[in-house]
Amino acid sequence: MSGGYSSEFLRAGLELPSPSETTILLDYTHFSVRFRPDRRLAAIVAVNIEGSQLDPLAREGTWHFDSRVPEEQQAGPDVYANNAFDRGHLVRRLDPVWGDPATAKTANQETFVFTNAAPQIDKFNQGKQLWSGLEDHVLGHAGAFGARMSVFTGPVFRDDDPPYRGVHVPRKFWKIAAWTNDAELGAAGFVVDQTPLLDEVEMEKVTKERLLAEEPPPLGPFRTFQVPIKEIEDVTGLSLDILVNADRLAKGQRELGEKPKAIHLEAMEQIRL
């Protein structure tokens, strides 16, 4: 396990943000994880994507613990047994899979570590209009233009996240994609909400709340938004100043004289990159 996320991968330097809570920094091939032992999940993951070298390896990997973290501090197989939860990759499996064949194979396997997983309802994790679809769109953008991208992903942790088998299950997850064109940094932020799907799992307590103050009514069993990156900064407590300033959505809305606000995505074509 070496050569984790590089802050110099893009022409505009981009450090891996760090939460105020205690985390363990874990480096893997082309990606890194800041892991929160108190939540037994990653607080934030970051991956470098080389769009011109992506290797579409088959889905072959074995889920495993990271030996650098005590097993009892990781959300392991017991959390996912005999229920509707998938072990949702936070760093998408194919994102770091690039470079020479040996490196790509290693990166593929390393994404199957429990420190890179979070409990996601299967329909949420697998749906092409959900988490998987959003990841495909971002990765497709990198591949289509031979572009380099850095992608940050994490849960939105709340004190009232519903407990389940020793883990408090995040209702929402966020993702920020960043890239450079002519040395200018661009970024786009997203939030995906699995709250309405959590009823499919018997949990001690599930509450539902609005994502944003002006959120539109849900149009189905899940909700996907492109959001101003400032909103992600506010709900996570991460320092994201550089990404906030590079936000394409907020910049475009301001140029139209509008206040930055979330867009409820109903089609990938609505995404502003």
Side-chain angles (χ1 to χ4, degrees), residues 1-2 4-5 16 18-19 21-47 57-97 105-127 130-132 135 152-175 192 194-195 197-206 236:
M1 298 178 185
S2 61
Y5 169 81
L16 171 57
S18 179
E21 298 84 3
T22 299
T23 60
I24 301 171
L25 176 62
L26 302 168
D27 289 333
Y28 303 92
T29 301
H30 300 151
F31 72 98
S32 295
V33 171
R34 289 197 186 277
F35 187 77
R36 269 187 65 173
D38 64 318
R39 292 294 300 242
R40 301 177 65 194
L41 299 170
I44 180 173
V45 301
V47 59
L57 291 179
R59 185 182 177 88
E60 296 180 358
T62 302
W63 284 99
H64 59 283
F65 290 103
D66 189 314
S67 61
R68 296 170 292 182
V69 180
E71 290 187 7
E72 63 271 18
Q73 293 181 0
Q74 302 175 56
D78 290 349
V79 175
Y80 303 95
N82 303 314
N83 56 33
F85 280 127
D86 274 353
R87 290 162 289 201
H89 280 76
L90 294 175
V91 168
R92 185 182 185 272
R93 181 181 67 85
L94 288 176
D95 284 358
V97 179
K105 184 176 181 180
T106 298
N108 182 65
Q109 171 61 21
E110 287 183 356
T111 65
F112 286 90
V113 65
F114 282 116
T115 54
N116 184 45
Q120 297 176 344
I121 297 292
D122 49 11
K123 292 179 182 178
F124 171 92
N125 183 46
Q126 299 168 18
L130 291 167
W131 203 230
S132 177
E135 291 171 325
F152 306 91
T153 306
V156 176
F157 287 135
R158 293 174 56 105
D159 292 339
D160 61 351
D161 284 334
Y164 182 75
R165 297 183 182 179
V167 174
H168 285 77
V169 178
R171 299 179 180 88
K172 306 182 185 83
F173 295 84
W174 59 270
K175 182 183 294 292
V192 187
Q194 68 172 347
T195 300
L197 294 173
L198 290 176
D199 285 340
E200 298 187 14
V201 177
E202 183 179 353
M203 309 186 79
E204 294 175 34
K205 180 182 179 182
V206 176
T236 62

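Values below: all heavy atoms of this structure, side chains included; hydrogens, waters and symmetry mates excluded.
Among all heavy-atom pairs drawn from Phe31 and Ala107, the shortest one is CE2-O, 4.4 Å. When all heavy atoms are compared, the tightest approach of Tyr164 to Val79 is CE2-O, 3.7 Å. Shown here for Asn82 and Arg165, the closest heavy-atom pair between the two residues is O-NH2, 4.2 Å. Listed here is the closest heavy atom pair of Pro163 and His168: CB-NE2, 3.8 Å. In this structure, Ile121 and Phe85 approach most closely via the heavy-atom pair CD1-CE2, 3.6 Å. Residue Gln74 comes nearest to Val69 through the heavy atom pair NE2-O, 2.8 Å, listed as atom of the first residue, atom of the second, then distance.
Remark: side-chain polar atoms of Asn116 are paired, donor with acceptor, to backbone N or O of Thr111 under 3.5 angstrom. Of the possible polar contacts, none joining the Thr23 side chain to the Arg34 backbone as a donor-acceptor pair under 3.5 Å is found. At distances below 3.5 Å, not a single donor-acceptor pair connects side-chain atoms of Arg87 with backbone N or O atoms of Phe112. Of the possible polar contacts, none joining the Asn108 side chain to the Gly61 backbone as a donor-acceptor pair under 3.5 Å is found. No donor-acceptor pair under 3.5 Å is formed between the side chain of Glu110 and the backbone N or O of Asp27.
A cation-pi geometry, defined here as NZ or CZ lying under 6.0 Å from the six-membered ring centre and within 45° of its normal, holds between Arg68 and Tyr28.
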Determine, stepwise, if the pair Arg92 / Thr153 fulfils side-chain contact (heavy atoms from CB on, under 4.5 Å).
CA-CA 9 Å; Arg92 185 182 185 272; Thr153 306; over 6 Å; no
Show the numbers, then the answer: is there a side-chain contact (heavy atoms from CB on, under 4.5 Å) between Ile44 and Trp174?
CA-CA 9 Å; Ile44 180 173; Trp174 59 270; 3.7 Å; yes
Tell me, with the steps shown, if His64 and Gln109 meet side-chain contact (heavy atoms from CB on, under 4.5 Å).
CA-CA 10 Å; His64 59 283; Gln109 171 61 21; 3.4 Å; yes
CA sep, side-chain torsions, deciding dist, call: Val167, Leu41, side-chain contact (heavy atoms from CB on, under 4.5 Å):
CA-CA 8 Å; Val167 174; Leu41 299 170; 4.0 Å; yes
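Looking only at side-chain heavy atoms (C-beta outward), Arg36 and Phe157 come within less than 4.5 Å of each other. In this structure, the side chains of Leu16 and Leu25 come closer than 4.5 Å at one or more pairs of heavy atoms. Residues Pro96 and Thr29 form no side-chain contact, since every pair of their non-hydrogen atoms from C-beta on lies 4.5 Å or further apart. Residues Val45 and Val33 form a side-chain contact, since some pair of their non-hydrogen atoms from C-beta on lies under 4.5 Å apart.
The ring-ring contact (aromatic ring centres under 6.0 Å, His included) test with His89 is passed by exactly one of Trp63, Phe173, Phe114: Trp63.
One finds a salt bridge joining Arg171 and Asp160 here, because a Lys/Arg side-chain nitrogen approaches an Asp/Glu carboxylate oxygen to under 4.0 Å.
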